[in-house]
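Working notes for the structure below.
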Amino acid sequence: GLSLLINSIGHALTVVMNLGSAVWTASAVNLYHLWPLSLRATLFTCGVLVVVINAILIRQVIWHRVLGNLLFTLPFSFLIQWFTNLIQRSGITELPLELRIVIDVFGVLCVALATSIYQRTNLVLHPNDDFMQIIRFRYVRGNATVAQMIHYIPPVIIMMITFSIGGHLWAVNVGTVICLFFQGTFIGFFDKHVFLNLKHYGLDTIQRD
């Protein structure tokens, strides 16, 4: 619950600042500006699609895992929409650019912290982070940085498509660049420094699931 709250606030801050969101969130924001669905509906739809990708990667449908992904995605989508609306009304976007950049980067760090917590708790995961976990422990021997880079390929492709159609990129800026190159490193840092009693289950658990 704590990680879900931190994650939603972090994502909402980056969406409102429009100075660069986490890569998956940025791709959803660009889809949101391209079609008539709400932001929460867009986020949930993207989550469902990633659930399908995860099943393909592990070559089976594990229903408790699918339900866990959806149980995370539904409140996560609503909370981002709610916090985004709340923060937009605060007047925070009127702050000087330098402060807004700091707030945006703080949001990125919140996302990394939250991801580290609930990946290690391993009760329910957002499909995007489950995707990253599968890559990390099944394909790249636990390397968080490499796994994060690989799992950014689909949202980057989505943004390339939306840009070619709409001619504009939303929520892509300095924060997105930081996420693209350093989010895996941030997650690895928080793995070692926050809630040390939480441990990754690793490759054996993913294969056994």
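Side chains of Thr42 and Trp35: a donor-acceptor N/O pair is present below 3.5 angstrom, by distance only.
Of all heavy-atom pairs spanning Cys110 and Ile6, the tightest one is O-CG2, 3.3 Å. Of all the heavy atoms in Ser21 and Thr14, the pair that sits closest is OG-OG1, 3.2 Å. Residues Cys179 and Val23 come closest through the heavy atom pair CB-CG2, 4.2 Å. Minimum heavy-atom separation, Thr73 to Pro127: OG1-CD, 2.9 Å. Minimum interatomic distance between Leu37 and Tyr32 (heavy atoms only, all atoms of both residues): O-CD1, 3.3 Å. In terms of heavy-atom proximity, Ala12 sits nearest to Ile87 at CB-CD1, 3.9 Å.
Arg65 places no side-chain N or O within 3.5 Å of a backbone atom of Asp130 that could act as its donor or acceptor partner. With Asp104 contributing its side chain and Arg100 its backbone, the two residues share no donor-acceptor pair below 3.5 Å. In terms of modelled atom types and a separation under 3.5 Å, the side chain of Ser116 and the main chain of Ala112 share no donor-acceptor contact. Judged by distance alone, with hydrogens and angles left aside, the side-chain atoms of Thr176 form a donor-acceptor pair with the main-chain N or O of Ala171 at under 3.5 Å.
In this structure, Ile101 CD1 and Leu95 CG are separated by 12.0 Å, a value rounded to the nearest 0.5 Å. Expressed to the nearest 0.5 Å, how far CD of Gln60 lies from CG of Asn54 amounts to 12.0 Å. Phe181 contributes atom CZ, which lies 11.0 Å from atom OH of Tyr152 (distance to the nearest 0.5 angstrom). In this structure, Tyr139 OH and His151 NE2 are separated by 15.0 Å, a value rounded to the nearest 0.5 Å. Taken from CZ in Arg40 to OG1 in Thr45, the straight-line distance is 12.0 Å, to the nearest 0.5 Å. Taken to the nearest 0.5 Å, the CG atom of Leu109 stands 5.5 Å off from the CZ atom of Phe190.
Relative orientation of the Phe76 and Phe72 rings is tilted, given thresholds of 30° and 60° on the angle between their planes.
At a threshold of 4.5 Å between non-hydrogen side-chain atoms, the residues Asn69 and His126 do not count as touching. A heavy-atom distance below 4.5 Å is found between the side chains of Phe44 and Val48. Leu31 places a side-chain heavy atom less than 4.5 Å from the side chain of Cys46. Within the 4.5 Å cutoff, the side chain of Phe195 has heavy atoms near those of the Ile117 side chain. Side-chain contact between Val111 and His11: present, with at least one pair of heavy atoms (C-beta onward) separated by less than 4.5 Å. Proximity of Ile80 to Phe83: side-chain heavy atoms (C-beta onward) are nowhere separated by under 4.5 Å.
Under the 4.5 Å side-chain heavy-atom criterion for Ile, Leu, Val, Met, Phe, Trp and Tyr, Leu49 and Leu57 are members of distinct hydrophobic clusters. Hydrophobic clustering (ILVMFWY, side-chain heavy atoms < 4.5 Å, transitive): Ile92 and Val29 are in one cluster. Both Leu70 and Phe78 sit in one connected hydrophobic cluster of ILVMFWY residues. Membership requires side-chain heavy atoms under 4.5 Å apart, directly or through other members. Hydrophobic clustering (side-chain heavy atoms under 4.5 Å, transitive across Ile, Leu, Val, Met, Phe, Trp, Tyr) groups Phe182 together with Leu19. Tracing side-chain contacts under 4.5 Å through hydrophobic residues (I, L, V, M, F, W, Y), one never reaches Leu74 starting from Phe131; they form parts of separate clusters.
With respect to Thr84, the side-chain contact (heavy atoms from CB on, under 4.5 Å) criterion is satisfied by exactly one of Leu13, Leu79, Val15: Val15.
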Decide side-chain contact (heavy atoms from CB on, under 4.5 Å) for Met132 and Asn128; before the verdict, give the C-alpha distance in whole Å, the side-chain angles of both, and the deciding distance to 0.1 Å.
CA-CA 6 Å; Met132 187 266 194; Asn128 296 347; over 6 Å; no
Checking Val50 against Trp24 for the side-chain contact (heavy atoms from CB on, under 4.5 Å) test, could you report, in this order, the C-alpha distance in whole Å, the side-chain angles of both residues, the deciding distance, and whether it holds?
CA-CA 11 Å; Val50 177; Trp24 279 96; 3.6 Å; yes
Report the C-alpha separation of Phe163 and Val172 in whole Å, then their side-chain angles, then the decisive distance to 0.1 Å, and conclude whether the side-chain contact (heavy atoms from CB on, under 4.5 Å) test is met.
CA-CA 11 Å; Phe163 178 74; Val172 177; over 6 Å; no
Worked verdict on Asn30 versus Ile158 for side-chain contact (heavy atoms from CB on, under 4.5 Å)
CA-CA 8 Å; Asn30 279 279; Ile158 289 172; 5.9 Å; no
